[in-house]
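In what follows, a structure is listed as structure tokens, so that the remarks can point back to it.
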There are 2 protein chains.
Amino acid sequence: MLMNAKSNCSTCVMGQFCLPHALTNEELDRVGELVKNRTKLKKNDRLYQHGEKMSAIYNIRFGSLKSEYSTEDGQRQVVGFHLPGDMVGLDSLDNNIYQTTAIAMEDSEACIIKFDEFESLSHQIPSMAKHLQRNLSREIGKAYHHVLSLGNDKAQEKLAYFILDLSDRKSFRGSNGLEFELKMGRDEIASFLGMEIETVSRTLTKLIKAELIEVSYRHLKIINMSGLRTLSP
Amino acid sequence: MLMNAKSNCSTCVMGQFCLPHALTNEELDRVGELVKNRTKLKKNDRLYQHGEKMSAIYNIRFGSLKSEYSTEDGQRQVVGFHLPGDMVGLDSLDNNIYQTTAIAMEDSEACIIKFDEFESLSHQIPSMAKHLQRNLSREIGKAYHHVLSLGNDKAQEKLAYFILDLSDRKSFRGSNGLEFELKMGRDEIASFLGMEIETVSRTLTKLIKAELIEVSYRHLKIINMSGLRTLSP
DNA sequence: CGAGCGTTTGAAATCGGTCAACAGCAGTGG
DNA sequence: CCACTGCTGTTGACCGATTTCAAACGCTCG
């Protein structure tokens, strides 16, 4: 985990997805002060680990990560996939211990937001505190939706939900939401959706035969978006 | 939904579960100002509803509520059960719209925390903002755990998790965690755990035959706590 | 005390899990 | 550059847990 690359929030292309809107230039500079460093991650590197003392929260700059929730007895579950602009580490603010482990699925980079400095900055720039609050609340909503999907949906619907969610988030960030590379393996999709690897594979072929998507290895193309949407609300 | 009963945080018995620790008397009085009103709910009354504009967050004073997450197409899922001391409505802070509906499972009462007033108070008493932040983060952790359970566990384990969680929370609040009334129906347990009513019923009888619990209608008694714990980690 | 809802129980059907074998892409080293 | 090896993903057959459909039971409330 290398620290380097002085950050500069005011010129960062992720700014619009990462920072609260309508910061003054002066505020931007102060935020830039706060986010002094970034960290580069190679595939499979951990950004933080379950059980560790929290020191910072992070903003993904590029690449993609997964977060895994785990219990003492070794049960593990992928609870989220993260794309550039996503804020991660938010599950640690309750007791200052990370509840999940964040692992890079490809070479990635994240901005480090030292938390004690963040807190003091929040007092000066209230919109930063509000921004964090919003992210926390949004994460709750996402988790509820995940619970809904795991609790109600059949394999097909869960997979459709997964694909559409990914597609939406890619589009939102300005990349192609209709054709992209899956950075996660079938095992990680399976864990995320609460099913087995083989079921993921079989269900993908079902969706292919239904001419909703095309898949070759980890390359995915959406053929019939509305068809997919009728599967996952 | 009746407004009445001037609140008084400084003498409220829920204080220890509800407010941040170590508030000065003067701060307590200011918080009391904020929480001017409570609302009484009869069974099945809604505290707030999915899609509504957020005006306040709430703290349960007595009784018990469930929150239901729902999608446009009518899928619904119970995402949480709430006991006295719990803060609810936290899923609304992202876009000021409630994402869930909170429904009383018995006659209940909640303190109303008008959100705009809360925000201005937060500036004066930073520990209040921090307290909210912690609650938000804890809710994320709880949701992740729920996802883990739905994704990995078989019916028995899910039910054990449900019972133990309820038991722990009752104990924490000083009531009897070994023998209590379930305020929710089998249908609500089923929704929460992502299974069917009949499976809940059958699985309960399994746990009874295994001499882990006794159940009669909605009265539940834990016979073998450690046995239950071996089922749910 | 009776009506009605909530709960339990039974039997049959189904979806997904498990076990096992195979295919295919990728990265290594000759 | 190609062959070998290993990891990742696919496919098939079988099995089991949960769902589904159906009916009976038993609280609880009016």
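In the text below, chain A, chain B and the rest are named by the order of the sequence lines, each starting its count at 1. Values in this document were obtained by computation on a predicted structure and should not be read as measured data.
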query: Side chains of A:E214 and A:H219: donor-acceptor distance under 3.5 Å anywhere?
result: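 There is no such pair (donor and acceptor under 3.5 Å, judged by atom type) between the side chains of A:E214 and A:H219.
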- prompt: Are B:T203 and B:Q156 linked by a side-chain donor-acceptor pair shorter than 3.5 Å?
  reply: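 B:Q156 and B:T203 do not have a side-chain donor-acceptor pair below 3.5 Å.
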message: Taking the basic N atoms (NZ, or NE/NH1/NH2) and the acidic carboxylate oxygens, is any pair closer than 4.0 Å for B:K142 and B:E139?
response: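 Here B:K142 pairs with B:E139 in a salt bridge, since their nearest N and O are under 4.0 Å apart.
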message: Check A:E106 with A:K183, please: is the shortest side-chain N to carboxylate O separation under 4.0 Å?
response: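 Yes, charged N to carboxylate O under 4.0 Å.
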message: If you take any heavy atom closer than 4.0 Å to DNA chain D, which residues from residues 210-219 of chain A end up in contact?
response: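 A:Y217, A:R218, in order of number.
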Atom [atom1] of [X] and atom [atom2] of [N]: how far apart are they, to the nearest Å?
{"X": "B:L182", "N": "C:dG6", "atom1": "CG", "atom2": "P", "result": "15 Å"}
{"X": "A:K209", "N": "D:dT11", "atom1": "NZ", "atom2": "P", "result": "6 Å"}
{"X": "B:I189", "N": "C:dG6", "atom1": "CD1", "atom2": "C1'", "result": "12 Å"}
{"X": "B:E157", "N": "D:dA17", "atom1": "CD", "atom2": "C1'", "result": "12 Å"}
{"X": "B:L204", "N": "C:dT7", "atom1": "CG", "atom2": "C1'", "result": "10 Å"}
{"X": "A:R186", "N": "D:dC7", "atom1": "CZ", "atom2": "C1'", "result": "14 Å"}
{"X": "A:L207", "N": "D:dT10", "atom1": "CG", "atom2": "P", "result": "12 Å"}
{"X": "A:I197", "N": "C:dA20", "atom1": "CD1", "atom2": "C1'", "result": "15 Å"}

message: I'd like to know whether CD of A:E211 has more than 12 heavy-atom contacts from other residues, nucleotides or ligands below 6.0 angstrom.
response: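 Not more than 12 within 6.0 Å, no.
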task: Classify the ring geometry between B:Y98 and B:Y48 as parallel (under 30°), tilted (30 to 60°) or perpendicular (over 60°).
output: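 Rings of B:Y98 and B:Y48: parallel, as their planes differ by under 30°.
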For residues 82-94 of chain B, run the donor-acceptor check on the side chains, cut-off 3.5 Å, and write out each pair with its distance to 0.1 Å, sequence neighbours left out.
from, atom 1, to, atom 2, distance (Å)
B:H82, NE2, B:S67, OG, 2.5
B:D86, OD1, B:R173, NH2, 2.6
B:D86, OD2, B:L83, N, 2.8
B:D86, OD2, B:R169, NH2, 2.9
B:D91, OD1, B:Q99, N, 3.1
B:D91, OD2, B:T100, OG1, 2.7
B:S92, OG, B:G89, O, 2.6
B:D94, OD1, A:R138, NE, 3.4
B:D94, OD1, A:R138, NH2, 3.1
B:D94, OD2, A:R138, NE, 3.3

field: Any donor-acceptor pair under 3.5 Å from A:N152 side chain to A:L148 backbone
entry: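 It does hold such a pair.
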message: A side-chain contact here means heavy atoms from C-beta on lying under 4.5 Å apart; do A:F81 and A:K66 qualify?
response: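 They are in side-chain contact.
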message: Quick check for you: among C:dT9, D:dT11, D:dT10, whose closest atom lies nearest to any side-chain atom of A:T205?
response: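 Selected nucleotide (nearest to the side chain): D:dT11.
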Atom pairs, protein N/O to nucleotides 16-18 of chain C N/O, distance under 3.5 Å:
from, atom 1, to, atom 2, distance (Å)
C:dG16, OP1, A:A155, N, 2.7
C:dG17, OP2, A:E196, N, 3.3
C:dG17, OP2, A:T199, OG1, 2.6
C:dT18, O4, A:R202, NH2, 2.7

